[in-house]
S.K.: 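Sharing a structure below in structure tokens format, with a few things to ask.
First the proteins, then the strands, lettered A, B, ... as listed; each starts at 1. None of these values were measured; they are calculated from a predicted model.
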Amino acid sequence: MSNYPFKEIEKKWQAYWEENQTFATTEDLSFPKEMRKYVLDMFPYPSGAGLHVGHPEGYTATDIYCRFLRMNGFNVLHPMGFDSFGLPAENYAIKTGTQPRETTEKNIENFRKQIKSLGFSYDWNREVSTHTPEYYKWTQWIFIQLYNQGLAYESQKPINWCPSCKTGLANEEVKDGRCERCGTVTVRKNIRQWVFKITEYADKLLEGLDDLDWPESVKTMQRNWIGRSEGAAVFFPLVDGDEKLEVYTTRCDTLFGTTYMVIAPEHPLVEKLTKPAQKVAVDEYLKKTAEKSDLERTDLAKDKSGVFSGSYAINPVNGKKIEIWIADYVLISYGTGAIMAVPAHDTRDWEFAKKFNLPIIEVLKSDIDVQESAWTEDGTHVNSGFLDDLNKEEAISKMLAWLEEKSVGHKAINYKLRDWIFSRQRYWGEPIPLVHCKHCGTVAIPEDQLPLTLPEVESFEPSGTGESPLAKIDSWVNTTCPVCGGPAKRETNTMPQWAGSCWYYLRYLDPLNTKEFVGKDKEEYWMPVDLYVGGAEHAVLHLLYARFWHKVLFDLGVVNTPEPFKRLINQGMITSFAYQRADKTLVPADEVQDNGEGIYVEIGTDNQLEKVIAKMSKSLKNVINPDEIIEEYGADSMRIYEMFMGPLQVSKPWATSGLSGVYRFIDRIWRLGEEREISEEAPSDDMLKKLHKTIKKVTMDTDTLNFNTAISQMMVLVNDIYKTDNLPREIWENLILLMAPYTPHICEELWQKAGHEDSLFRAPFPKFDEKLTIDDEIELVMQVNGKLRAKVTVARDISKEDMIELTLSNDKIQPWIKDKTIIKKIAVPGKLVNIVVK
RNA sequence: GCCGGUGUGGUGAAAUUGGUAGACACGAUAGACUCAAAAUCUAUUAGGAGCAAUCCUGUAUCGGUUCAAGUCCGAUCACCGGUACCA
């Protein structure tokens, strides 16, 4: 391509910024609170594959915003680091025997180099990596705070087990019933786990969402995930014995329609409720469901399964004896693991009742026959004793009063949110800092003995028993109790990857502090995060877990804001084009011929292909490597292209041809500087107006992160400069400053060439004069019946009357209105006139 | 199934509170420069009719509100993402 020497320029200025510490940030108290901004990127996991084009998208966006803020006088904190514990490094270690630390640190080095090659204005002095003992000392310290608050407990709950990885997986790591990493179908297995009581914070996490400047869709997803519902706990007495079976229901008003009960196969009362006559059938059913993977449970969902326990309960509202069944459509993890079935008005109960011939009683009036299908809408109560003729709300409150009066139930609140299984049976994670002592029980390691470091091991293979590889190292496991000094064993579970990312935004504030996880003054100086940018895939889990930890830390008084992230933006995914055959299969990009005009043909056949958008994947050969792009077009082009593609928040397909367009744009600016002499004369009024309009649009669009339209406006200005034959300093320097946040390297170079010694990031962002953004003349649009018929240039402040007068007498308008009756004349000042005729 | 999102030229996309649809860019076509190519520059580029001035149609589809709809309302279709029996 052309000759703009981006390689030398980019190298030169990246070195300059590093040498001069241009972007190092301090807690300068002369900046008032509102002039401090904390702008945060979601830090990457340093994978062996290196940076992909999706990473620079969010990073470029925040970088532009930060550079813009600094030029506008803000003190900006903009750090970067690495989420460096994680399974890929461990799996690689199992395969090759390479220490995960070695692999990880090599990858980090590569990532850092790649990120730096884009010229981002991070304060690298604050870099953190979650796998370093200096960092995870404090991850362990926070764990102990949660433990001391009673928010961590051990549990034998069934968990997802991957037979291939030989490790337990949390629910979020199982996709479609398969291990997210290796694809093996998972099974259930009981294992001892550390669990966090995130449910205790359900209400706080829910309420906290209200005041956040987050996308409404993310807030909705979090609300749904927490899944708060109000209902009732109802106690059903058993026919045999004194025990009661507790259920949770949101529709206690349908209690008269309850014709049977169901408990989950994992329910603690299963054994007790199973009668000898049913024992064989129940055991067989339990065995079958235990062997089922989550995938199979889901697949079989269409066809309900279950078994009668042999026991009966009494419906407290009418004294009727009803059967108790065991079925896996009832989940042990929600409510009490037991339900009252109302088949007439619940599709799941109806299907089950039909299959096993259980009675169906209508209690909500409708036009349909509940023997034929379930009625799940509202209706007036029937067959319901004291609730008859009432509507839903009235019936619920009357039933609640009745339940409480008779002491057979009460109001209850339930959440879909489950407690968070926090332990992993893996090597490459933070060791959980606990010791098991025969005398003292479970004991936290004292703070002065942290960090509890991860020992070097020979083998990274899972133990196969479900324990982590740490369990095999006797010298590490056997220790002394910090309380009594007697022999004790270390906890061998490690923490999940979420742990490090739950609080890294706090460590950036004070990364070298050896006394505290973050100094109070620094935390108060910067928090909360003003803008957090990252992928939408973290909408629920990472953001919910981080909020949970933050709220615990807030309740402990060690941070001063109840929420960590004030404003959140999800960047869209960068996709790629792919080519699809008629049968919807995809063809790799290198086997496609472009015949122009949107026609694509598969090479070697005559198959015409459809151009579609797909995720980048190795097999489709449509993965873009940022290193190659930077090598060929330069970092400035890469940056500005990713912003020019479209709005930050939407996903958009990569097209290298589009990149060459923005390259040309930068090249055109470079050539302006090369080919023209900077003139000290004042610019023409026309150019001055064009400049101020551009400053206004770029300022507003950059502030609101609408980078694509800001860039197009700068292109317009450059095109306008090309139409003239001089280069007034006022125009030129303002253009350089406007562009600086977007393409910082070339702008520094041009700024220096224009005669400045200091970095242009010490210069203020251009200001616009509102007067110069307004034209004296406007183009008046003349419409007849809403259709454009003429355009005339008129003075901006023309009166409505004159506008109409001008329109009616216009030559082009005349033919459309003569011989017609004018019904209405509408004039919008400064815009248009519409004449309505009949 | 349910929840959320998106449908605008050959392509990526623009379009304050409803007020000129298609800014900007890619691609394409033609021309200039060149021995030639690349690069660069200039012009055209939603579709259709016409020599032209102009006119007609057009923002997934159908309908509605309005002087005026890409934008608001209702229904439908397509695609993308999330989710999996939450009582």
S.K.: By the 4.0 Å heavy-atom rule, please label A/Val716 as base, sugar-phosphate, or nothing.
M.R.: sugar-phosphate
S.K.: Can you measure A/Tyr334 atom OH to B/A84 atom P for me and round it to whole angstrom units?
M.R.: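 It is 15 Å, rounded to the nearest whole Å.
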S.K.: Under 4.0 Å between a Lys/Arg side-chain N and an Asp/Glu carboxylate O for A/Asp775 and A/Arg796?
M.R.: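 So A/Asp775 does not pair with A/Arg796 through a salt bridge.
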S.K.: Residues in side-chain hydrogen bond (donor to acceptor under 3.5 Å, both in side chains) with A/Tyr742, at least two apart?
M.R.: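 Applying side-chain hydrogen bond (donor to acceptor under 3.5 Å, both in side chains) to A/Tyr742 gives A/Thr702.
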S.K.: Would you classify A/Trp816 as touching base, sugar-phosphate or nothing, given that sugar-phosphate means primed atoms plus P, OP1 and OP2, and contacts are heavy atoms under 4.0 Å?
M.R.: sugar-phosphate
S.K.: Calculate the interatomic distance between A/Met643 atom CE and B/A25 atom C1'; express it in whole Å.
M.R.: 16 Å
S.K.: Quick one: NE2 on A/His345 to CD1 on A/Ile361, what's the gap to the nearest 0.5 Å?
M.R.: 10.0 Å
S.K.: Tell me the interatomic distance from A/Tyr329, atom OH, to B/C86, atom P, rounded to whole angstroms.
M.R.: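 After rounding, the reported distance stands at 10 Å.
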S.K.: For B/G5, decide between syn and anti, treating a glycosidic angle within 90° of 0 as syn.
M.R.: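 Anti conformation here, the glycosidic angle of B/G5 being more than 90° from 0.
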S.K.: For A/Arg668 and B/C24, give me the distance from atom CZ to atom P, rounded to whole Å.
M.R.: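 To the nearest whole Å, that distance equals 12 Å.
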S.K.: Regarding A/Lys723 and A/Asp720, does a basic nitrogen lie under 4.0 Å from an acidic carboxylate oxygen?
M.R.: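 Salt bridge between A/Lys723 and A/Asp720, a charged N being under 4.0 Å from a carboxylate O: yes.
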S.K.: Is the count of non-hydrogen atoms from other residues, nucleotides or ligands lying under 6.0 Å from A/Lys825 atom NZ greater than 12?
M.R.: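 No, because the 6.0 Å sphere around NZ of A/Lys825 holds 12 heavy atoms or fewer from other groups.
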S.K.: For B/C41 and A/Arg671 - does any side-chain N or O of the residue sit under 4.0 Å from the phosphate oxygens OP1/OP2?
M.R.: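 Yes.
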S.K.: Which atom pairs link the protein and nucleotides 11-16 of chain B when you take only N or O atoms and keep those under 3.5 Å?
M.R.:
| unit_1 | atom_1 | unit_2 | atom_2 | d |
| --- | --- | --- | --- | --- |
| B/G12 | O2' | A/Met645 | O | 2.8 |
| B/A14 | OP1 | A/Asn708 | ND2 | 2.9 |

S.K.: Given atom CG of A/Asn834 and atom P of B/A69, what is their separation to the nearest angstrom?
M.R.: 10 Å
S.K.: What integer number of Å spans the P atoms of B/A28 and B/A39?
M.R.: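 So the two P atoms sit 10 Å from each other.
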S.K.: Which dot-bracket string describes RNA chain B (Watson-Crick N1-N3 plus N6-O4 or O6-N4, or G-U N1-O2 and O6-N3, all under 3.5 Å; [ ] crossing; | other strand)?
M.R.: (((((((..(((......[....)))((((((.......))))))((((....))))..(((((..]....))))))))))))....
S.K.: Whole angstroms only, please: what is the CD1-P distance between A/Ile711 and B/A23?
M.R.: 18 Å
S.K.: Looking at A/Phe352, is A/Lys304 sitting on its ring face, NZ or CZ under 6.0 Å from the six-membered ring centre and within 45 degrees of the normal?
M.R.: no
S.K.: Mind checking A/Ser333 for me? I need base, sugar-phosphate or nothing, with any heavy atom below 4.0 Å counting as a touch.
M.R.: nothing
S.K.: Does OP1 or OP2 of B/A87 have a side-chain N or O of A/Ser229 closer than 4.0 Å?
M.R.: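 True: A/Ser229 side-chain N/O within range (under 4.0 Å) of B/A87 OP1/OP2.
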S.K.: Compute the centroid of each ring, for A/Tyr633 and then for A/Tyr641, and state whether the two points are separated by less than 6.0 Å.
M.R.: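 Not under 6.0 Å, so no.
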S.K.: For A/Asn719 and A/Gly786, find the nucleotide of RNA chain B closest to each by heavy atoms; which residue's nucleotide sits nearer the 5' end?
M.R.: A/Asn719
S.K.: Could you check whether A/Arg223 gets within reach of a base, just the sugar-phosphate, or nothing at all, counting any heavy atom under 4.0 Å?
M.R.: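 Nothing, no nucleic acid heavy atom in range.
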S.K.: Within the 4.0 Å heavy-atom criterion, would you say A/Asp346 contacts the bases, only the backbone, or no part of the nucleic acid?
M.R.: nothing
S.K.: Using a cut-off of strictly less than 4.0 Å, decide whether A/Lys824 has a side-chain nitrogen or oxygen near OP1 or OP2 of B/C67.
M.R.: yes
S.K.: Using the P atom on both, measure B/C73 against B/G19 and round to a whole Å.
M.R.: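 Result for the P pair: 15 Å, nearest Å.
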S.K.: With the side chain of A/Glu779 defined as its heavy atoms from C-beta on, choose the nearest nucleotide among B/C85, B/C26, B/U20.
M.R.: B/U20
S.K.: Could you tell me the separation between the CE atom of A/Met715 and the CD1 atom of A/Ile666, rounded to the nearest 0.5 Å?
M.R.: 8.5 Å
S.K.: Taking the nucleotide of RNA chain B with the closest heavy atom to each, which residue, A/Thr336 or A/Met221, is nearer the 5' end?
M.R.: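 The residue mapped nearer the 5' terminus is A/Met221.
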S.K.: Rounding to the closest angstrom, what is the interatomic distance between B/G12 and B/U17 at atom C1'?
M.R.: 28 Å
S.K.: Taking atom P in both B/C24 and B/A60, what distance in whole Å separates the two?
M.R.: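 It works out to 23 Å between them.
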S.K.: Rounded to whole Å, how long is the line connecting atom CZ of A/Arg348 with atom P of B/G1?
M.R.: 18 Å
S.K.: Would you classify A/Asn414 as touching base, sugar-phosphate or nothing, given that sugar-phosphate means primed atoms plus P, OP1 and OP2, and contacts are heavy atoms under 4.0 Å?
M.R.: nothing
S.K.: Side chains of A/Ser229 and A/Asn414 only: does a donor on one sit below 3.5 Å from an acceptor on the other?
M.R.: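 No - no donor-acceptor pair under 3.5 Å links their side chains.
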S.K.: Checking all strands, does A/Arg228 fall into the base, sugar-phosphate, or nothing category for heavy-atom contacts under 4.0 angstrom?
M.R.: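 Result for A/Arg228 = nothing.
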S.K.: Please state the C1' separation for the pair B/G7 and B/U42 - nearest whole angstrom.
M.R.: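 My reading of the C1' atoms in B/G7 and B/U42 gives 36 Å.
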S.K.: Is the number of heavy atoms from other residues, nucleotides or ligands within 6.0 Å of NZ (A/Lys244) greater than 12?
M.R.: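 Incorrect, the count does not exceed 12.
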S.K.: Where the side chain of A/Asn224 is concerned, which of B/C56, B/C3, B/A87 is the nearest nucleotide?
M.R.: B/C3
S.K.: Using a 6.0 Å cut-off, check whether atom NZ of A/Lys411 has over 12 heavy atoms from anything other than its own residue.
M.R.: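 No, because the 6.0 Å sphere around NZ of A/Lys411 holds 12 heavy atoms or fewer from other groups.
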S.K.: Using the P atom on both, measure B/A32 against B/A23 and round to a whole Å.
M.R.: 27 Å
S.K.: Between B/A13 and B/G9, how far is it from one P atom to the other, in whole Å?
M.R.: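 Going atom to atom, P in each nucleotide, I get 11 Å.
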S.K.: Ignoring hydrogens and geometry beyond distance, is a side-chain donor-acceptor pair present between A/Thr709 and A/Asp701 at under 3.5 Å?
M.R.: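 Checked: A/Thr709/A/Asp701 side chains pair up, N/O donor to acceptor below 3.5 Å.
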S.K.: Calculate the interatomic distance between A/Ile332 atom CD1 and B/C85 atom P; express it in whole Å.
M.R.: 15 Å
S.K.: For the side chain of A/Lys825 and the base of B/C67, is some donor closer than 3.5 Å to an acceptor across the two?
M.R.: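 When only heavy-atom distances are counted, A/Lys825 does not reach the base of B/C67 through any donor-acceptor pair under 3.5 Å.
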S.K.: Could you measure between the two C1' atoms, the one in B/C85 and the one in B/C2, and give it in whole Å?
M.R.: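 Taking atom C1' in both B/C85 and B/C2, they lie 12 Å apart.
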S.K.: For A/Gln713, answer base if it contacts any base atom (sugar-phosphate contacts may also be present), sugar-phosphate if it contacts only those atoms, and nothing otherwise; contact means non-hydrogen atoms under 4.0 Å.
M.R.: nothing
